[in-house]
**Student:** 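Provided herewith is a single structure, encoded as structure tokens, for subsequent inquiry.
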Amino acid sequence: MDEVMTVADAGRALYGSSPPSQNLLPHNLPIFSAFLALALAQFLKVFTHWYKEKRWDSKRMFSSGGMPSSHSATVTALALSIGFEEGVGAPAFAIALVLACVVMYDASGVRLHAGRQAELLNQIVCEFPPEHPLSTVKPLRELLGHTPIQVAAGAILGCVVAYLMRSTS
């Protein structure tokens with residue numbers, strides 16, 4: 001007679017003698033590292049803005065652009081955490097590394113220049129006479145991208161977070 005494998009047997013075969021713990025939040029170092037780096041970068045933007053402008057602006061915590069790049073911090077922490085957990089030869093690390101490069105290139109290239117163009121377009125619209133149909137158009141967001149230094153600072157923050165998270169687990 002053919003043997004039938006039950007769900008419990010399959011669980012034991014996959015996880016050894018005892019099944020994994022049934023936590024609501026499974027331990028996933030890469031995702032925790034990425035979100036922690038994101039939160040820290042956004043939090044730090046308030047202080048770097050204060051240092052530069054000498055005024056507090058809590059809205060910076062929820063905005064794009066500024067120092068450090070939260071996009072860079074997030075993808076760097078994600079890639080490095082995957083590298084720590086699975087090794088740098090793992091396909092998941094290769095995917096995360098390519099994603100990180102694309103995101104950081106986009107943040108310091110395309111998005112930075114789109115923000116500069118938005119600034120120029122807003123200046124042009126401000127010079128229109130009041131009767132012009134575009135004179136009442138809502139201004140475009142100007143703070144979109146990052147300078148290379150902001151991207152590098154975000155990447156360093158992501159590396160530090162991933163390293164410290166690895167050390168604590």
**Student:** Honestly curious: do Leu164 and Leu80 fall in one hydrophobic cluster under the side-chain, below-4.5 Å linking rule?
**Tutor:**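 Same cluster.
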
**Student:** Identify the two heavy atoms, one from Val151 and one from Ala107, that lie closest to each other, and give their separation to 0.1 Å.
**Tutor:**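 Reported closest heavy-atom pair: CG2-CB, 4.2 Å.
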
**Student:** Do Lys45 and Ser70 come within less than 4.5 Å of each other through their side chains, counting heavy atoms only?
**Tutor:**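 Counting from C-beta outward, Lys45 and Ser70 do come under 4.5 Å.
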
**Student:** Can you give me the closest heavy-atom contact between Asn28 and Pro30, atom names plus distance?
**Tutor:**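 Answer, listing the atom of Asn28 first, then Pro30: OD1-CD, 3.1 Å.
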
**Student:** What is the minimum heavy-atom distance between Arg166 and Phe84, and which atoms define it?
**Tutor:**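 That closest heavy-atom pairing would be CD-CG, 3.1 Å.
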
**Student:** How long is the gap from CD1 on Ile82 to CG on Leu29, to the nearest 0.5 Å?
**Tutor:**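 Reported value, rounded in 0.5 Å steps: 9.5 Å.
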
**Student:** Side chains of Met165 and Ser81: closer than 4.5 Å at any heavy-atom pair?
**Tutor:**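 Not touching, per the 4.5 Å side-chain cut-off.
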
**Student:** Just wondering, do Leu157 and Leu44 contact through their side chains at under 4.5 Å, heavy atoms?
**Tutor:**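 Touching, per the 4.5 Å side-chain cut-off.
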
**Student:** Nearest 0.5 angstrom please: Leu38 CG to Ser69 OG, how far?
**Tutor:**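 Answer for the CG-OG pair, Leu38 versus Ser69, is 10.0 Å.
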
**Student:** Which heavy-atom pair separates Ala77 from Ala162 by the least distance, and what is that distance?
**Tutor:**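 Scanning both residues completely, I find the closest heavy atoms to be O-CB, 3.7 Å.
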
**Student:** Are Phe35 and Val161 joined in one hydrophobic group, where the rule is that I, L, V, M, F, W and Y side chains link up if heavy atoms are under 4.5 Å apart?
**Tutor:**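 They do share one cluster, since a chain of ILVMFWY contacts under 4.5 Å joins Phe35 to Val161.
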
**Student:** At their closest point, which heavy atom of Phe93 faces which heavy atom of Val88, and how far apart are they?
**Tutor:**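 Shortest heavy-atom contact: CD2-O, 3.3 Å.
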
**Student:** For the CG atom on Leu99, are there more than 12 heavy atoms of other groups (residues, nucleotides or ligands in this structure) within a distance under 6.0 Å?
**Tutor:**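 Yes, CG of Leu99 has more than 12 neighbouring heavy atoms, counting only those of other groups under 6.0 Å.
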
**Student:** Nearest heavy-atom pair of Cys159 and Thr76: which atoms, and what distance?
**Tutor:**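 That closest heavy-atom pairing would be SG-CG2, 3.4 Å.
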
